[in-house]
Every structure is written in C-alpha cells, then in structure tokens.
Amino acid sequence: MDFELPAEDHPRRKPIRDWFESNPRPTPRQLAEAGFIVPHWPRPWGLEADAELQLIIDQEMKRAGAFPPRNPVAINNCAQSLLSHGTEAQRQRFLGPALSGEETWCMLFSEPSGGSDLSNLRTLARREGDHYVVRGHKIWTSLAHKAKVGVLVARTAPDLPKHKGLSQFLVDMDTPGIRIRPIIDMSGHENEYNEVFLEDVRIPADRLLGKEGEGWLLSTTQLQTERVALSRPGAIWGHGPSARELVEGLAEIGALDDGALRDEAADVYIEGEILRLLAYRSLSDRMNARTPGPEGAIHKMLAAPHGQRVVELAKRAQGPRGMIAGEKPFPTQLEHGDDPYSDWDYAFWFSPAVTLGVGTQEILKNVVAERMLGLPRELDPTAQLPWSEARRKAS
Amino acid sequence: MDFELPAEDHPRRKPIRDWFESNPRPTPRQLAEAGFIVPHWPRPWGLEADAELQLIIDQEMKRAGAFPPRNPVAINNCAQSLLSHGTEAQRQRFLGPALSGEETWCMLFSEPSGGSDLSNLRTLARREGDHYVVRGHKIWTSLAHKAKVGVLVARTAPDLPKHKGLSQFLVDMDTPGIRIRPIIDMSGHENEYNEVFLEDVRIPADRLLGKEGEGWLLSTTQLQTERVALSRPGAIWGHGPSARELVEGLAEIGALDDGALRDEAADVYIEGEILRLLAYRSLSDRMNARTPGPEGAIHKMLAAPHGQRVVELAKRAQGPRGMIAGEKPFPTQLEHGDDPYSDWDYAFWFSPAVTLGVGTQEILKNVVAERMLGLPRELDPTAQLPWSEARRKAS
Amino acid sequence: MDFSLNEDNLLLRESARTFLEKEISLARLQVPGATVTDAGYAANWSKIVGLGWQGLVIDEAYDGLGLSCIELAMILGEMGRTLAPSPFLGTLFGTWALQKGGSDEQKKTILPGVAAGTTKLALAVAESSGTADGPCREARAHRHGGGYRLTGAKSFVIDGAAADWLVVAAHDDAAGRREFFLVDAGQAGVQADLLAWRDVTREVCDLRLKDAEGERLALQDDELWPWLRDRILFALATESAAGTQRVLEMTTDYAKERVAFGKPIGGYQAIKHSLADMLGRAECSTVGVLYAAWALSEEHPRASLAAAMAKAFACEAYVAAAHRSIQIFGAIGFTWEMVNHLYYKRARANAELFGSPRTQRARVIEMVEKKAA
Amino acid sequence: MDFSLNEDNLLLRESARTFLEKEISLARLQVPGATVTDAGYAANWSKIVGLGWQGLVIDEAYDGLGLSCIELAMILGEMGRTLAPSPFLGTLFGTWALQKGGSDEQKKTILPGVAAGTTKLALAVAESSGTADGPCREARAHRHGGGYRLTGAKSFVIDGAAADWLVVAAHDDAAGRREFFLVDAGQAGVQADLLAWRDVTREVCDLRLKDAEGERLALQDDELWPWLRDRILFALATESAAGTQRVLEMTTDYAKERVAFGKPIGGYQAIKHSLADMLGRAECSTVGVLYAAWALSEEHPRASLAAAMAKAFACEAYVAAAHRSIQIFGAIGFTWEMVNHLYYKRARANAELFGSPRTQRARVIEMVEKKAA
C-alpha cells in the first residue's frame, strides 16, 4: 500500500512530459491523436493505459496548461459504446470529431414524465423504410444547445416490457423536427440543461447503435460510467469548490472562531479528505485490475450530500449577505477555469441538483443496498407487463 | 388562547384541595373511590372530568404528596375497555382492585416472532367446553412478574385473515401453565419486562373481553391510549430527566462553555419546550372537545428521539467517565419518586428502547404519514389471506 | 386555560386565507428574471389596505384596531403561506417601532396615515454585516437645530424603497449610544437601493443617508430594541411556520400524484417518512409561534425566550422542509418555473435576517442560564 | 502508487480472521452480570501469544517482527471485529511507549519478554477526567536514589490489572513537567482497581501509586507523547472501522431474514437506506484508517492529521452504526442476550477514550489552520 502519487522522476512520466515539451500548445485534435483524451482505450484512440499512466497524463496535461476538450457526454459516457456496440462506419464517422471536441455530444435520455424511472420513457421510434421516425419530449439534456450529436434512447417496441423495447440512436442535432428550449434553474441562470422536443424526426437506420432492444443495456452502462467520472473533490459533481477551500475561506473571514461552526467545518473537512481517499482507492483497484470494491458505486451517494454541506456552510457563514445575488462568501475565491461552479454563490443555488441528477439520492441508496448488500429488490409491478399495457392501466 | 395553567384561585380547584386537606394521607383505595385515579371516566369510577379538571387534580395530588397507584396497564391502557366492551360482572370483579392498585395488570401482546406486526401473533386459544385453552409465548410484558391480571390477546380463529381471528381475555396470572422469565436489558438490569410462556393455560369462557374476533380492535385502541399517556417531558416515554434538567446539569459542570455543545444543548432545550407545548395543546383540544389535531399522534414520533438526544448529550458530556457503570453526569440529580429512569445513567442505557417499544419509530412514521397526510398505505400481502395459509407459505 | 385558537382567531385566519388565495398569484414570479416589482408588490398592498390589515396592531387612539399578536399571527401566517409580496412587513416593523417608541406627537403625525393606508413605513436597524444588536457603527446622528441630521448607511431594510417614513437606528453622537430616529423618506438626503435579493417575493434595500433630517423617538434604544426585536423575530417565525405548512401540503399532494415504478412516490418509505418528519416539525413550529404570540400579547416574562425559540425552530424547520421539497419534486423542483425555490429562498432569508437560528439558540441558552443563576 | 492492500496484507488479515472466528466466542458475555474475566480474557491471550501477535511491532533487535502499522491494522481490525477480550491493546500501547521512548537498556530488559509472551504491559497516561494531553495533576514523581518514586492516581488504564510492567505518565517534580516512567506492576506500592466498565469486552482500571519505584524513559514527554498519541488514536480507529463493518454485516443478515408484514424488513426503504448509509460510512472508516496506517508507517508529515481524522470519523460512524443496529434488530436487540450492545458499548468506549470525535475534530482544524498560516 502506498498513498503517494507517481513521483516527479517516475520512469513512465518522461515520455509524456517530453511530448508536452515538443508540443507546447497542443490543439485538442493533437491531444486526441496522441491518445491523451481516452488513454485507457485501445489504439488508435487511446494508449491502453492503466490507471497510473492515466493519472500521469492528467497531471502532465495540467502542468502544461493544456485542457482536454469539453465534451463529457462523448468522452465520459457514450463514445465507449461505439467500441463495443458500434459499426466500423460509426466509429470512423463519430469518434474522431468526438474526442477532439469538434462535435459536442448530448444525451437524450430523461423525460418529464419519467423521473427516476428512465425505462418507462415514452419517446417512440417507428421504423419506416430505411429511417426511424421519432416523436417525444426529452428533458435535462445537458449541452443540447451546443451539441452536434445526440445519443437518443427511444422505444422501438411498445408491446414488450418496458426495459426490453428500447433502442439507441446517434442523431444529428440539426435534423428537422428537433427543437431545444433551455431550462432556467432556481438561480435564474441558464445552465447547461435543456428540454428537447422531437417531432417526426427522421433518423437513418444506420444510426441505430447496437441492435434494436439494446437501448436499456447501453444506457445504464453509459450512466454507470458517469458516476465513476464524478469522483473529484468539488462540491458539484466533482466540480467547483471543495471542503479544503471551504476551510481556508472560513479561516480567512474569521468564521472558525465560532465553536459550533468550527466543529461543523472540521467535520466537513474530514469527510472531504476521506472521500478523496475513497476515490483514490477506486482508482487503485482499477489500476490493479482488481474488481472495484463498493466504494466506486457509493462514492456519489456520499459525495453529493457532502458537496451540499460544503456550499451550505459557506452560505451560512455569509449570514444575510448570502441572500444577495452574486455576493462572494470569501475575499479570495479560487478560479477553476471556465467552470461556472467555481463561483460559491452559483454552486450553492445549483447544489440541490446534485442529489437529483444522475440518479436521485433515493434511487442511489436502493442501488447500493440491493447490489452491494444484497437486500431485496423493490418490486416494480410494471416491469414485466408489456409497456403499452402498463401505460394504459396507469392512465 | 391562554397558555397559563389553571390559577391558584381557580374556582374548580377549591373542592379538590379541600378533599386533600380532609384526607391528608389518602390510601390508593381512597383516591380511587374519590374518582381521582380516572377522573375523566363516568361515575362511579371517575368524575366525568374535563381536561382542565384532570390537570387540577394532578396538581393537587402532587401538592399533597399523594401518588396514584402504579398500575399503568390498567389505568392508562386496558381497563377503559371494560367500560365499553366488558360485562357488568367483569366491571364489578376487576375495576375496583385495578384502580386502587390492589391488582396490578399486564399486557400479554407482543411475541418474539412478531415484532412490529402484532396482528401476526401465534398464540392460540382453543375453545374447550366452558374454557379456552391457550398455548403461546409472549414477550415485552411489562410488570408481568408483579401482575395479578393479564390482558391477553390470542388467536381464536386461525383460518380467518390475521386481523380478524384475534380475541382478548382477562387472565389470572397465577393460572397453572403460566411461566414468567425476566428480560435483562443492555444495562444488565432486570427491568419491568418479561417473557411469558403459556402452556395449556385454561381460561374460563366468561373471561373473554368483548366478543370473539374483537381482539385487534381492542388491542389497537388500548395501545393508542398508551401513546397519549406518554406525553410528559421526561426522556424515557415521559419519565426520567428532561431537557430542562439537562441544561441545568450541563451548566452546573461548566460543559456549556464549549461552543458546539452549547449549541446542541440549546437546540435540545428548545425542542423540549416545544414538545411540552405540543402536549398541552393536545390537552386543550381534548378539553374543548375538539377533534384532537395530529399533534397527539405525532408526539411520540418526536418525543422518543428527543429523549434519546437528552440522555445522549448528558452521557457525552461525561467523556470516558460515562462508560463507568452508575457514574452520575451531574452532581445534583433530581429524584423522581421510585422512577428508575430518574437515574441519568440507567436512562441512557435504556434509551434505545424508546424508539422500539409501543410501535417502532419506523411504524410510527408510517402511521403518521398514512393517517395524517393520507399517503398510500404500505401493502401487506398477508393481510387478506387466512392466517393459517399465510403462515404455511412463510415457513 | 386554553392552548387552542378561539373561534374568532380561526375565523380571521379563514377569511385571510380566502382572500389571499383569491388575490395572490406567484405566476408572475415563475418567469426567470422576475423581480419583486413584477410580483404585484404595489397592487397587493392596495388590496391589503382595503381590508385594513395595516392598522391591525395600531392602537385605537390612532385609528387602528388595537389587536394583539395572536390576531396578527392569523394574518401574518397567511401572508407567509402565500409569500404575498407587499410592503406589509416593513410597515408593520415601522409601526411597532413608532407605537412603542414614538412620542405622542410622533404617533399622532404618522400612525393615523398608516391606519388609513396612505403611509408606508420601514425600519432600518441592521448593519451591513446583518447585525441588528449592539452599537451602530455605520450611521451617525448629530444634533442640528431642534432636530438631528443623520449620515451613513443601513442594510437589509425591508420595504425600504417603498416607505414614506423610516425609523432609523443611528449612533447619537451627543448621547454616545444608539438611538432611533423618525426620518422622512422623501427628502433629498435619503436614498434606498434595492438589493439583488434572492427572495424575489420581498423588497430588501440598502439605505444611504446624507445629512438627512431626523427626529429622535422618545424611548431609548435599551428599552425599545429588546421589545421590538422580540416582535420582529416572532413575525419572521410566524411567516416561516405557515410557509412550512404550505410546503408540506404542496409536497404531500405531489407525492400522491407522481408515479414512479408503478406506484405513487408517496408510497415509498423514503418519501413517506420524510413527509412525516416534515409534518412533525411543522406542527412544532406552529405551536412554538402561537406560544410566542400569546407570551408577547401578555408581555409575559418568558416572551423574549418564546420569540427566540420560535424563530430558531420555525426558521430551521422551514429551510429544511423547503430544501427537502425540492428533492421530493425531483429535478423539476429545482427549476425557476416551479414555486419550490421561492419558498426555499424565503425560508433562507427569514432564517438569516435579524439573527440566524444559531444566533437565536445562543440567546436562548443565555436567557436560560441567567434565569438559573 | 497503490492505494490498495497488497497480497501479504490480505493474507495476514485472512489468517487472523480464520483464527479469531474459530477461537473467540462472545457467548460467555451474553449472560447478564458477565465480566471481562468471564470472557476468556486470559485464555485468549495464551492463544494470541501462540501466534506471536504481541511481537508484531517490536523491533527485530528485541526479538519482535518489526512490522509496520499496515500489518498491525490487519490484526487489530480483526480483534476489533470480534471484540476479542485480551490484554493485547494494553500491551501494544506499552510496547509502543517503550520502543519509542525507552533507553536501549529498558528495551532490552522488557521487550524480549513481551515478544516471548511472558510479559504484559499497560500504559497509564489519562487523568480521572479522561484527559491524556497536557500537564499531569494527579500523579507525581520525585527523585529517590538513582531512580524515582511515584505517588498518585491514573485513570482509564487499559489492561492495567493484567500488566506486569506499566508505563506511567507523572509530573516530574525536578524537571517541572510530565515525563514517562517504567514501573514494575508487581511491587507493593502499585494497585490496579478494575472499573465497572460498560464495555465488558475490555479491562479498564484505575491505578493507585504509593511511593512506587519507577525509572524514567529516555525520551521526553513532548517528543514521546505526540508520537504515541497518533498510534493510540489509530489503534482505536482501526478497531472501530472493523467493528462497524461487522455490525453492518450482522445487521444486513438480520434484515434479510426477519419478516414483517409479509416481507423481509430489508425490503423496506427505511431499513434499506439506513443500511446503505451504514455501508457508506463503513467504507469511509476503512479507507481513513488505512491511510492513517500508511502515513504512520511512513512517518509522513500528515500522519498526525490522518490519525486524528481516522479516530474522529471511524468512532462516530461506529457509535451510529451500533446504535442503528439495535433499532433494526428491534426490541430483542436491546437485550443483554444479543451481542448488539457489546458492539455499541465498545463503540462508545473507543469514541470517548483518548479524546472524543469532537476533540479530534478540534485538533484536526487546528492542524489545518496551522498549515494554512
């Protein structure tokens, strides 16, 4: 066991550093072509890197001041499915622009009526000749307004049980019939989220990802990956300020002199440190090619309320000034690139979302209890019925 | 609205005080005969008193240093059922000795296999001529070792659904076949609780209370009354130390100098004061003959964890000395008559029971959510089946 | 002895509820970028004036109704329940200050106008840190002719921009302590700037004073402020208790309707138990507030304690309930177009104004210690 | 870089688990009135000595195995998991004190006996208030001939009555500060009285010293105690993390078996979610403890911080889990005949000994502030 990160003189570090020295201002495309965007993928996209090498690449990229393209849906969630389930033509068409960030992706998954029950989605895709025709209404689509490619899950077989009749498609977001409406959150800001209306959207049949009926399998795999990607220390799904910055800020304004707040701050700090260790352990387990322990899946369950505590404590330390829009809690505020959550005030008002997005806290606890502890599964009386029948009964 | 208790010169107070002046050391029997034990009951047992008069009687009794007999099962829970469901012969035989405390009662309700699901009980009562013959195993019977009379709920019709086949009996606790074993709690003390084994116990048929099949109705009514009776400020079901005494104690040992503990103590104090007001409001509602609001039923849901916080904070203030058996947290400890819970240390080690006894916290929350808020009921797949069939399926 | 509301109280509450449910709509606030002005702030006030609520606690001698905090709680609760935007609260705070602290002359000049609905008031007491207790560092008053001139800043002035007259706490240079002054809001030296207040159902301002004329109230700070603070805390607690109740109802209704995995989400224990907890705390808030109302109306020795306890408990319960409500509504509950965030913001604002729950707890334990000593 | 346990670690833990599951039974403690003596305290020690665990952290120069805190964590965790009653912990604390603070002569005299299993140790450092930091007020040492004589009292001495030699903290009159002394427990002036300790799986004593002969350790208090304290906190945290894990497993098993209203109680969300929370906190405890083990074994600059964090987190999680476990077992879980209370008592005792979670949090934030400054 060794809790040190790979040292400065680590032999695997040199070639990476050399590359960045030869390419001092790499474009995203150069980074992608060097395999640095998805180093754990097979060649030619990646470097078949283990977790240690991934970490080294992350660090060297940061040191060089280079940023990977902001295309999280492709890079963290969905593009990997093309390796396992895509056609060669799909890989050639989509992966290059996705990894270089030239084409932003979005996930057309959630629906207004669905909530936690994704498999109950109502968007229908009907086969007509060599196209599918799609009608439906999606919500919580992050980056839809910037995306070129949408990963759509829709129902192709309404008469099968709800998990079985779903399929996935790679949709051009400029196809006629797609309308995008931004969602304004409680802070009053437009954020990354959107509603997407699909009216008779025609998708060529060769944009089906995998086979018909594999939509549920693909979607849950992609969402699972998202959870792992969220294991950074920031309060908002890994982004934004962390407990360390909280304690520094509180010290700066003298708020730690209050005994009760001091105790709370210490508690949040410890929680933050331990969650950081938990994330490192997941990494180690993956690195050692051991089956990851439960800590990967439970990380979000713990990190989401932790993040809420971090920003809530900062907000509370502001007293009534915290109710003035844009008021900063601490004179010194770290900047995190173009991350909007690096603003404490925005992070606070956004924070209720962290126990809602990517699985509500309640669903996540069910998952942890059922998968990790083997407790009995919640019965879903509609799971085995043909979806169309369950839908008739409910209405 | 008026939050003052009935004043010293209240006109209804005089006759009560006069009685205690003429009867300076009343025996329990005298108290019972004067109607002071169950003043809200009809005559001859009570005085048809409203809540205000009950309160006056309580206060005057306390002032005179008189104590009602310690027979809670009869007085708070079960004896009232004889008024509504008993025979005249049962009332004449049982009520006098019950109210004077000459005969202690106990409740033979819970069973080891039952837990929260009381209606699933396995003790069987088979009719044989003019007797019922009972076999079963009861647990958590408080005062069984002192009781003369047991209120037994047993299954008389195993082929009816579980709630419908139950009946209640008034059992002489010295009937052959009854064996009592004390339960030792985690403090290592024998407390009031016992296991009771019933082996071919013969009960005369005229000891049936109400009709066959009314056992569930009677039992739930009796337990409901118990919840109302628990609305005193003490940490252990209304008994033992209260939040006020906690704060006095913490002040006495200087523990309130710690900022974090000070904040916790204030919080518990406020909670205690508000719970006191909530109990008074229930009393008022009953006094005004209004339908009691939800506060009556939710009082235990709130008071039980509050009580745990009270004793936990005292225990925590002791540091490691709190782990020494019998060590007192505060130099000054109020005495509450013969109440064992007036000892802080015992109250703490007993306290896990307060969210378990008389309905677990989980069941209580279900009840509050379902009855007060009208949320959907938990489905019990065994509720409609014949009990004997459900039992076969389960094993 | 009667710990319950009487029939008159219930009737008053009922009529207020009927009125507000008919007249108040938050729809205009459900559009992003909406401000308190869009929310019917002025129009609601006209309607309220029509009912005479602004004269509720004014003595009959000054054309008011002379009612107690118990009756006030009926109205204030309903205002809190609907988040009704209007200058009611600022006017109430100013009225209390004048009625308790003003000279007979000052009261005669101002209060009948308030009772008639032609004059609006506000109270400017807090510093920019939010503190309203203790010495005043940011505004000073010095004698000038027969009166005073005030210079400096005040913060968190509720309904400050709408007010015709202000009651302002400032450091009296001559007396060497804080005192309260009656200030005409219409004069050149007074400027009220709207804060970008997150709770868009309420107008909250910063105030800048530059040689503004003022007249000192008769009662000194140390007699006026404790009395006034108790009532302010009570008012915020009353709004909060009723808001919690509303959040509970709205969330319970949603939990009965919204279906996931084939049944209403209110059938899942996680939701069920959390609503049961919310109900418990809502009831506690309500009873705590009513006790404070009674204690204040009786000028009972425990009135200060009761007000601080009510503020601490009710505000904390409101924040928790409104936050939890967003979670139960799910992602949609976190968007601007739902009202959940309006309740959450009101809850947080009420909690922070005039001393947080933790501050109130510190005051409570101090009072308890002093009584014990 | 490797944040996971290696194969040797896992093997060591596995063998300890197999051994303890076979050899340790709490059955004798499930009888009311049972004490630590009834619990196989002495017999278990003989078995442990057979495996040589008492020599684990002793340097090879003194016949020990010279292993690190990581290996120790494997053993200590399993001891904590089974609540195995024995003088292991007291001996460990004494060993650490001597090994770090003793002169070569002192180590030579005592440690080989410990490694051989013929000598048991204990560490007497806490005052009657429980404080182990800061000046010593209740025991004094004065020079007498070539050595010292000690008089006074110590409290919360783990395995004090079983020990052959004691390491005692006392105020050194000559030096004017606290120092540590090696004291033969067999002499007339030393008396150890068993406390009525609620955690009956552990022997905890008060110590009375009357002109007891003692020999000063080589290292001074300010160098020895911080080092020693970090390890003590780590040891208690390690026991606690493993205890939490065991409580989780035992409660999960029960929740799968126990049926109410026609289904296992583990199928109800209230139970399910509370076990998911318990799992989350158990994993956090485990990783916090392993980080502390690594940091201590590396004498890393963050070692003190890591130990304090682990103690704060793991002990609080253990108390909560053990308390919750009683609730999930229901009324039976609160009786003496079940093991739930034994875990709850161990959890509370570990939390309170050598500084509560709150005390540790205060230390953590101080360390963080100092580093930031």
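By convention in this document, chain letters (A, B, ...) are assigned in the order of the sequence lines, proteins followed by strands, and residues within each chain are numbered from 1.
Neither the backbone nor the side chain of D/F354 comes within contact range of chain B; no heavy atom of the residue lies under 4.5 Å from a heavy atom of that chain. Neither the backbone nor the side chain of D/R361 comes within less than 4.5 Å of any heavy atom of chain B. Heavy atoms closer than 4.5 Å to chain B are found in both the backbone and the side chain of D/I326. If you measure heavy-atom distances from B/S187 to chain D, the contacts under 4.5 Å come from both the backbone and the side chain. At a 4.5 Å heavy-atom cutoff, the contact between B/I183 and chain D is made by side-chain atoms alone. Residue contact with chain D, scored on non-hydrogen atoms closer than 4.5 Å, involves the backbone and the side chain of B/F350 alike. Proximity to chain D involves both the backbone and the side chain of B/Q361, based on heavy atoms less than 4.5 angstrom apart.
Side-chain polar atoms of D/Q327 and B/T355 form a donor-acceptor pair below 3.5 angstrom. Between D/E352 and B/Q318, the side chains place no donor N or O within less than 3.5 Å of an acceptor N or O (distance only, hydrogens not considered).
Between B/P320 and D/W197, the closest heavy-atom pair is O-CZ3, 3.6 Å. Between B/P352 and D/H323 the shortest heavy-atom distance is CG-NE2, 4.3 Å.
Rounding to the nearest 0.5 angstrom, the gap separating the CG atom in D/N350 from the CE atom in B/M323 is 9.0 Å. A distance of 6.0 Å separates CZ in D/F261 from NZ in B/K162, rounded to the nearest 0.5 Å. Distance check, rounded to the nearest 0.5 Å: NZ of B/K315 to CZ of D/R198 gives 6.5 Å. If you take CG on B/D258 and OG1 on D/T359, they are separated by 8.5 Å, rounding to the nearest 0.5 Å. To the nearest 0.5 Å, the span separating OG on B/S351 from CZ on D/F334 amounts to 8.5 Å. How far NE2 of D/H341 is from CH2 of B/W349: 10.5 Å, rounded to the nearest 0.5 Å.
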Pair D/E127-B/R321, salt bridge (charged side-chain N to carboxylate O under 4.0 Å, His left out): steps then yes or no: CA-CA 11 Å; D/E127 306 270 292; B/R321 296 208 74 77; over 6 Å; no
Check the pair D/T335 / B/W140 against side-chain contact (heavy atoms from CB on, under 4.5 Å), numbers first and verdict last. CA-CA 11 Å; D/T335 63; B/W140 306 115; 3.3 Å; yes
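For the set D/A126, D/A196, D/A34, D/S155, the entry with the most heavy-atom pairs within less than 4.5 Å of chain B is D/A196. Options B/T360, B/L385, B/T382, B/D185 differ in how many heavy-atom pairs under 4.5 Å they form with chain D, and the most are formed by B/D185. Among D/A270, D/S128, D/S129, D/G33, the residue with the largest count of heavy-atom pairs under 4.5 Å with chain B is D/S128. With chain D as partner, the option from B/L261, B/D345, B/N120 having the largest number of non-hydrogen pairs under 4.5 angstrom is B/D345. Taking chain B as the reference chain and counting heavy-atom pairs below 4.5 Å, the highest number among D/G330, D/A331, D/A362 is found for D/A331. The greatest number of non-hydrogen atom pairs below 4.5 Å with chain D, out of B/Q308, B/R316, B/H189, is found for B/R316.
In this structure, B/Q384 places its CD atom where only 12 or fewer heavy-atom neighbours from other residues, nucleotides or ligands lie under 6.0 Å away. Surrounding NZ of D/K256 are more than 12 heavy atoms belonging to other residues, nucleotides or ligands, all under 6.0 Å away.
Using a cut-off of 4.0 Å between Lys/Arg side-chain N and Asp/Glu carboxylate O, B/E362 and D/R324 are scored as salt-bridged.
Classification of the B/F348-D/Y344 ring pair by plane angle, with boundaries at 30° and 60°, yields parallel.
In this structure a side-chain-to-backbone donor-acceptor pair under 3.5 Å is missing from D/K263 to B/P381.
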